Number of protein chains: 2
Amino acid sequence: MTITIYDVAREANVSMATVSRVVNGNPNVKPVTRKKVLDVIERLGYRPNAVARGLASKKTTTVGVIIPDISNVFYAELARGIEDIATMYKYNIILSNSDNNEEKELVVLNTLLGKQVDGIVYMGNKITDKLQDELKRANTPVVLAGVLDATEKLPNVNIDYKQSTYAVVTELIGKGHTKIAFLSDGIENTNTRAKYEGYLMALSEAKIELNSALIVELEGNNYHQGTIGWSRLTENKVEATAIFASDDEIAIGALNAAQDAGVKVPDELEAVASNNTKITLMARPQLTTVVQPLYDIGAVAMRLLTKLLNKEEITSPHVTLPYSIQKRGTTK
Amino acid sequence: MTITIYDVAREANVSMATVSRVVNGNPNVKPVTRKKVLDVIERLGYRPNAVARGLASKKTTTVGVIIPDISNVFYAELARGIEDIATMYKYNIILSNSDNNEEKELVVLNTLLGKQVDGIVYMGNKITDKLQDELKRANTPVVLAGVLDATEKLPNVNIDYKQSTYAVVTELIGKGHTKIAFLSDGIENTNTRAKYEGYLMALSEAKIELNSALIVELEGNNYHQGTIGWSRLTENKVEATAIFASDDEIAIGALNAAQDAGVKVPDELEAVASNNTKITLMARPQLTTVVQPLYDIGAVAMRLLTKLLNKEEITSPHVTLPYSIQKRGTTK
DNA sequence: GTGAAAGCGCTAACAA
DNA sequence: TTGTTAGCGCTTTCAC
């Protein structure tokens, strides 16, 4: 049989309330009593039932994490940051993959809310209106990690994608490139859109006309899509001399395809990627990228959520973390 | 205010029990009644409270997942398999990183049990005795995913590491290699030990004497350790002509270090890795590896757990999935 | 086919 | 400082 708080109370000759106080570290317990209770707990091997506690206190110390795909390095690093901080603040996380599919997101959100999570960390391409509504209806705190909120309504943690993209593209232009390809997943996705805007801004500032043959919109952020990206570019016969990729895997896919076709990197083709996941080091040449502090984005997002949960004061619900640019072998 | 089952019952003029039956798909409800209840649920936006349900039914439809590091591609792919099958069977997963640290594992396990998870999927280097004891005491079903259980007590899903390593090393020997390095994390780790035994078996069968300078035990499965592995090999002055690595990241680290030092791969150095994570495709040359069906290992482990939870009949608690060998650019 | 009522194990007033 | 006592929202006998 399972040992309950009642068993402990009986054995220690105190009330359930006192046991509860001891377990929860309430200071209003005489040290002697505390010791006595602790001993019984030890002897009986009592372990508090978090489900009962959750029902009574209406707090589960569990947060839901909606993530597109945990096997994607980018999200996995964010997730690690989230989990570490969650643990630090005594929360557990329920992880659910959404595949960036709105329908799944809705189902997952509903399950999470049914499980009475105290809060939610959302990662994905964009917050759809429907999702936004559901979230509001539930009025459970939510923080977006690595996703801009187009409407600026939800707390979120990001870097400035537009600015960072502008910076690297401008630098490429400064080296004389005029045919700079932009490889990305769907431009309707919030972050990608911001990057695209940065790209456009750099071009326009340099008075370079936009060549749509250089814009390749892919169907996802992965290696395979990157290789497709390169084929698309060659089909378009644009002879790009530089690439900006919205994702590391896309960049590696495109570069490997290019190199397999005999293109010399970085001599004939320079490239800059976006996320600085650890695969940037494994590729040859190693990737030059915008450095997004992925772990930190996750960590800060979770920290922000804990503040929301404790009703701590919040300086700003929109955190923009600094980015940097890491130069490696794919640029001269 | 939150809508409870009681509110629904009142509005629908039925008892809580009936609402409960409808919500749980119990067939003993007249269609008319069911419709009536469903309508009220819809109208009120009622969402069952899983915590209360968990307390009453002693089932949480939540399983704990103990994982060394979710940002490691290897584990992330296993995790994805686990989560997909969990979702399929209506379970959620609570994910906890352990960093392969026994103390953390113990803490995590305890939290998970406190949260009344219905079962646990464990990933890690090895099941220590203490952990084994705690697991037994809780008598919560556990399945190991991608970890051999030295004592053969716990259900687990794996491939035959010894056999697969034996096969690839034997093939290297067949090509004339006699100086085959073995790069791995700690040999005390269950899976690594099995691989090491496979390596030894191949050597002994070919009557090649074991050269301890070729055995490099590293401090973890990551890229950086791989680069260290290569330095170690050069310090040892053994001039290995082939490498077997227990991990893909280690392999890439070692190969990149070797190539940076001017070694031609695969002409002067052949290499075989172990896990076939997706980074094997991104490296240049692409890695030849033993193919572990990572996603499937996770998926099958979770499926096995659901069987345990439903008390379904189990053919065997020790599942060995088939492996294969994928030849790519690091071997001739 | 449906309802009444007793818990599940704990927290949180409130009282003492 | 400690105890009493309602619940928290649901499932699950057991009756009818």
Side-chain angles (χ1 to χ4, degrees), chain A residues 1-38 40-41 44-62 90 110-111 113-118 138 140, chain B residues 1-38 40-41 44-62 90 110-111 113-118 138 140:
Chain A
M1 275 321 303
T2 53
I3 316 290
T4 74
I5 199 172
Y6 177 79
D7 299 315
V8 177
R10 184 170 31 71
E11 288 289 312
N13 284 314
V14 296
S15 70
M16 286 163 56
T18 299
V19 179
S20 175
R21 287 187 189 101
V22 171
V23 170
N24 293 298
N26 184 316
N28 292 343
V29 183
K30 245 199 312 200
V32 198
T33 318
R34 179 186 307 282
K35 170 98 173 66
K36 190 170 60 177
V37 172
L38 251 16
V40 175
I41 287 179
L44 264 43
Y46 167 69
R47 173 189 293 132
N49 181 324
V51 173
R53 176 183 286 172
L55 184 58
S57 69
K58 294 174 170 301
K59 287 201 195 86
T60 55
T61 62
T62 301
K90 312 277 182 215
N110 212 50
T111 316
L113 293 174
K115 296 236 168 165
Q116 313 302 117
V117 294
D118 295 337
T140 299
Chain B
M1 278 316 304
T2 53
I3 316 290
T4 74
I5 198 172
Y6 177 78
D7 300 314
V8 177
R10 182 169 32 71
E11 289 289 311
N13 285 313
V14 296
S15 69
M16 287 163 56
T18 299
V19 178
S20 175
R21 286 187 189 101
V22 170
V23 169
N24 294 297
N26 183 317
N28 291 343
V29 183
K30 241 199 312 198
V32 196
T33 318
R34 177 185 309 281
K35 171 96 171 65
K36 191 170 58 177
V37 172
L38 251 17
V40 174
I41 288 180
L44 264 42
Y46 167 69
R47 172 190 292 132
N49 180 323
V51 173
R53 175 183 285 173
L55 183 58
S57 68
K58 295 176 170 301
K59 287 200 193 86
T60 55
T61 60
T62 301
K90 312 278 182 212
N110 213 50
T111 315
L113 294 174
K115 296 236 168 167
Q116 314 300 118
V117 294
D118 295 338
T140 298

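Below, chain A is the first sequence line, B the second, and so on; all start at residue 1. These figures come from a predicted structure and were not determined experimentally.
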Under a 3.5 Å distance rule, please check whether B:D118 uses its side chain to pair with a backbone N or O of B:K59 as donor and acceptor. no
Side chain to side chain contact (heavy atoms under 4.5 Å, CB included) between A:R47 and A:I3, worked out: CA-CA 7 Å; A:R47 173 189 293 132; A:I3 316 290; over 6 Å; no
Length of the line joining A:R47:CZ and C:dC10:P, which is rounded to integer Å: 12 Å
Apply the side-chain contact (heavy atoms from CB on, under 4.5 Å) test between B:V19 and each candidate in B:T4, B:V14, B:V40; give the one that qualifies. B:V14
Among C:dT2, C:dT11, C:dC8, the nucleotide that comes nearest once only the side chain of B:K30 is considered: C:dT2
Would you mind reading off the distance between A:L55 atom CG and C:dG7 atom C1', rounded to a whole angstrom? 12 Å
Could you state the CG-P distance from B:N28 to C:dG3, rounded to the nearest angstrom? 13 Å
Closest non-hydrogen contact found for B:V51 with A:G54 is CG1-C, 4.0 Å
Could you go through A:T62 and A:K115, starting from their C-alpha distance and side-chain angles, then the distance that decides it, and tell me whether this counts as side chain to side chain contact (heavy atoms under 4.5 Å, CB included)? CA-CA 9 Å; A:T62 301; A:K115 296 236 168 165; over 6 Å; no
Those residues at least two apart in sequence (or on a different chain) that pass side-chain hydrogen bond (donor to acceptor under 3.5 Å, both in side chains) with B:K36 are none
Could you report the tightest heavy-atom contact between B:I5 and B:Y46, atom names first, then the distance? N-CE1, 3.5 Å
For B:S20, side-chain hydrogen bond (donor to acceptor under 3.5 Å, both in side chains) partners two or more places apart: B:N24
Within residues 11-18 of chain B, find the residues that approach DNA chain D with a heavy atom at under 4.0 Å, and present them sorted by residue number. B:M16, B:A17
Can you check the A:K59 NZ to C:dG9 P distance for me, whole Å? 22 Å
Nearest whole Å is fine: how far is C:dG3 P from B:I5 CD1? 12 Å
Taking DNA chain D as the partner, which of residues 19-27 of chain B come within under 4.0 angstrom of it by heavy atom? B:S20, B:N24
Looking at every strand, decide which applies to A:N49 at a 4.0 Å heavy-atom threshold: base, sugar-phosphate, or nothing. sugar-phosphate
Mind checking side-chain hydrogen bond (donor to acceptor under 3.5 Å, both in side chains) for B:Q116 and listing every partner two or more places apart, or none if nothing turns up? none
Range on DNA chain D touched by chain A, heavy atoms, distance below 4.0 Å: D:dT1 to D:dG9
Please report the shortest heavy-atom distance between A:L44 and A:E11, naming the atom on each side. CD2-CG, 3.8 Å
Under-4.0 Å side-chain N/O to phosphate OP1/OP2 contact, B:T33 with C:dG1: no
Without hydrogens or angle criteria, can the side chains of B:R21 and B:N28 be said to hold a donor-acceptor pair below 3.5 Å? no
